[in-house]
Amino acid sequence: MTDEPTALRADDYETVALVLQGGGALGAYQAGVYEALDEAGVTPNRYAGISIGAINVAIIAGNPRERRVERLRQFWEKICEPGPLAWAGQIFANMPSLRNWSSAISAGRSIVEGQPGFFRLRLPPPMPGVDVAPDEVSYYDTSDLARTLDALVDWELLNTSDVSVSVGAVDVATGNFEYFDSAERRLDVRHIMASGALPPAFAPVEIDGKWYWDGGIVSNTPLEYVLDSQPRRDTLAFQVDLWSARGEVPRRIDEAMEREKDIRFSSRTRKSTDRTLERQRLRRAIAQALPSLPESLFGTELWQMLEENSCRKVFNVIHLIYQARAFQTHFKDYEFSLETMREHWRAGYDDTRASLAQPDFLARPRGEHGVATHDIHRVTPSVSEG
């Protein structure tokens, strides 16, 4: 059922963006977020993703709205199908006190078996000191994922609709980060695969003579790219993060491994967001100050520089950040059991419904600053309205 008031509030913005981080198996949380947005009548017209976020973005943008949730579910249920060794984890799956063992076994199974429709162990495995082709420098073969995406994504629709799609990857030779944007080039399965080619598990992907790895190596959060795109627009951005930059100081080695991964892949989300929004506050301040400057400055180089950096657009960022469960640890991004996937999906769905239920979350920022951030998991939302 569509919540019309929510949809109308989202329509107060020129751009409604869905911004998705990388995070492997945790990406089912993003699918739950989209399902809740779709039910509420919130239809993004801008998508940006990295790694598993790029895969979810492609499935969403590459299907008509009425089939998007169905296609997401098909993808996640396919890649989380239990393999031959699944029985070992099922022994503990229904025993809450031993859930961590079930999760660990499932993650171990992924390492040995791979995941159907996603990746499989490369045989023979790469050997140190032995040269092979660049697309074989990995422990796993992801050709199954290419076939899965081709079956679930209408590439023609993705490239010809009014929706903008951006996915991030890293040029292996230069180390430079690059966004592939449907507004600038035709996207296909290679661009999505490149965005998710995390080494050394997955091999780089060749595009136009260059080789690319997972964008999360450099930056796992594409929000800055969306908000800094030209021309700037009034933007409501749903920023969906799979790694929490905040956490407890570890007391066990497995907790230390998990915390390190959380910090690394969260890509300093909060700091990056704050920096981006601070630049917008400055642009708005310049726009307000320009009419008060002396007439003698009109037309000068200084005036032109200030005018080029002025902007009156508003930015509203709603953070949706996955909160790890107690039974999860450093392997949570490659634990692909059906049970855990469905829990991730439900968590994204519930967090989004709770966020949309907040009366001020979708409201246009007011006051001179014109920017706002919200997070349902923070007791007091951070709102900058002047």
Side-chain angles (χ1 to χ4, degrees), residues 8-19 42 44-48 162-166 168 174 176-185 215 218-239 241 245 266-319 358-375 378 380-386:
L8 289 173
R9 281 181 286 160
D11 286 344
D12 288 341
Y13 299 86
E14 297 169 289
T15 294
V16 178
L18 183 61
V19 181
V42 178
N45 54 16
R46 180 76 188 274
Y47 294 94
D162 294 334
V163 171
S164 174
V165 178
S166 310
T174 66
N176 292 332
F177 193 95
E178 184 174 342
Y179 276 101
F180 303 122
D181 197 314
S182 64
E184 301 172 355
R185 67 171 81 194
V218 172
S219 174
N220 203 30
T221 305
L223 178 71
E224 194 168 357
Y225 176 78
V226 170
L227 296 184
D228 281 346
S229 296
Q230 297 283 359
R232 295 186 186 89
R233 302 178 183 276
D234 293 331
T235 300
L236 169 65
F238 293 91
Q239 179 177 319
D241 295 345
S266 68
S267 295
R268 300 176 299 281
T269 297
R270 187 76 60 183
K271 182 176 181 179
S272 175
T273 302
D274 290 346
R275 184 174 62 243
T276 301
L277 297 182
E278 187 58 40
R279 287 200 297 268
Q280 184 61 13
R281 294 187 189 100
L282 180 59
R283 296 185 193 108
R284 287 177 60 88
I286 293 172
Q288 293 172 34
L290 277 174
S292 302
L293 294 180
E295 292 185 7
S296 59
L297 290 177
F298 288 4
T300 64
E301 184 176 347
L302 175 60
W303 172 270
Q304 292 175 355
M305 182 179 68
L306 291 172
E307 190 172 42
E308 289 172 1
N309 285 278
S310 67
C311 179
R312 292 186 178 274
K313 300 299 183 180
V314 300
F315 292 165
N316 184 2
V317 179
I318 298 178
H319 293 279
Q358 297 297 312
D360 60 330
F361 273 27
L362 269 65
R364 284 175 63 87
R366 302 179 300 276
E368 61 183 22
H369 293 309
V371 300
T373 62
H374 304 276
D375 181 350
R378 300 184 72 179
T380 303
S382 171
V383 183
S384 302
E385 297 180 337

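Because only heavy atoms are used, hydrogens play no part in the values below, and waters and symmetry mates are left out as well, while side chains stay in.
Side-chain atoms of Leu293 and Leu306, non-hydrogen and from C-beta on, do get closer than 4.5 Å to each other. At least one side-chain heavy atom of His374 sits less than 4.5 Å from a side-chain heavy atom of Asp360.
In the displayed structure, Glu295 atom CD is contacted under 6.0 Å by at most 12 heavy atoms of other residues, nucleotides or ligands. A 6.0 Å sphere centred on CD of Glu301 holds no more than 12 heavy atoms belonging to other residues, nucleotides or ligands.
In this view, Pro291 satisfies the side chain to side chain contact (heavy atoms under 4.5 Å, CB included) rule with no residue, not counting sequence neighbours. The side chain to side chain contact (heavy atoms under 4.5 Å, CB included) test applied to Ser182 returns Asn159, Ser164, Val165, Leu187, not counting sequence neighbours. Listed by chain and number, the residues in a salt bridge (charged side-chain N to carboxylate O under 4.0 Å, His left out) with Glu14 are Lys313 (sequence neighbours excluded). Qualifying ring-ring contact (aromatic ring centres under 6.0 Å, His included) partners for Tyr225, counting only residues two or more places apart in sequence or in other chains: Tyr179. Residues that satisfy the side chain to side chain contact (heavy atoms under 4.5 Å, CB included) test with Glu224, not counting sequence neighbours, are Asp228, Ser272, Arg275, Thr276, Arg279. For Phe238, there are no ring-ring contact (aromatic ring centres under 6.0 Å, His included) partners at least two apart in sequence or on another chain. Every residue meeting the side chain to side chain donor-acceptor pair (under 3.5 Å) condition with Glu278, not counting sequence neighbours, appears here in chain and number order: Arg281. Taking the side chain to side chain contact (heavy atoms under 4.5 Å, CB included) definition, one finds that Gln288 meets it with Arg284, Arg312, Glu368, sequence neighbours left out. Taking Asn309 as the reference, nothing meets the side chain to side chain donor-acceptor pair (under 3.5 Å) condition, with sequence neighbours excluded.
Contact record, Thr15 with Asn45: CA-OD1, 3.5 Å, taken as the closest heavy-atom pair. Of all the heavy atoms in Ile286 and Ser310, the pair that sits closest is CG2-CB, 3.8 Å. Nearest heavy-atom pair across Ala183 and Asp181 is N-OD1, 2.9 Å.
From Leu227, atom CG reaches atom CG of Leu277 across 6.5 Å, with rounding to the nearest 0.5 Å.
With Tyr13 contributing its side chain and Phe315 its backbone, the two residues share no donor-acceptor pair below 3.5 Å. A donor-acceptor pair under 3.5 Å is formed between the side chain of Thr174 and the backbone N or O of Asn176. Under the 3.5 Å distance criterion, the side-chain polar atoms of Thr235 are matched with a main-chain donor or acceptor of Arg233. Within the 3.5 Å criterion, the main-chain N or O of Asp12 finds a donor-acceptor partner in the side chain of Arg364. Remark: side-chain polar atoms of Asp234 are paired, donor with acceptor, to backbone N or O of Val314 under 3.5 angstrom.
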What do the steps show when you test Ser166 against Tyr47 for side chain to side chain contact (heavy atoms under 4.5 Å, CB included), and what is the final call?
-> CA-CA 6 Å; Ser166 310; Tyr47 294 94; over 6 Å; no
Check the pair Ser229, Arg46 against side-chain hydrogen bond (donor to acceptor under 3.5 Å, both in side chains), reporting the backbone distance first and the verdict last.
-> CA-CA 11 Å; Ser229 296; Arg46 180 76 188 274; 3.3 Å; yes
Evaluate the side chain to side chain contact (heavy atoms under 4.5 Å, CB included) criterion for residues Leu362 and Ile318: first the C-alpha distance (whole Å), next the side-chain angles of each, then the deciding distance (0.1 Å), finally the verdict.
-> CA-CA 8 Å; Leu362 269 65; Ile318 298 178; 3.6 Å; yes
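The side chain to side chain contact (heavy atoms under 4.5 Å, CB included) test with Gln239 is passed by exactly one of Asp375, Leu18, Val317: Val317.
Counting only residues at least two apart or in different chains, ring-ring contact (aromatic ring centres under 6.0 Å, His included) contacts with residues 278-314 comprise Phe298-Trp303.
Look at Glu307 and Arg283 and you find no salt bridge, because none of the NZ, NE, NH1 or NH2 atoms lies under 4.0 Å from a carboxylate O.
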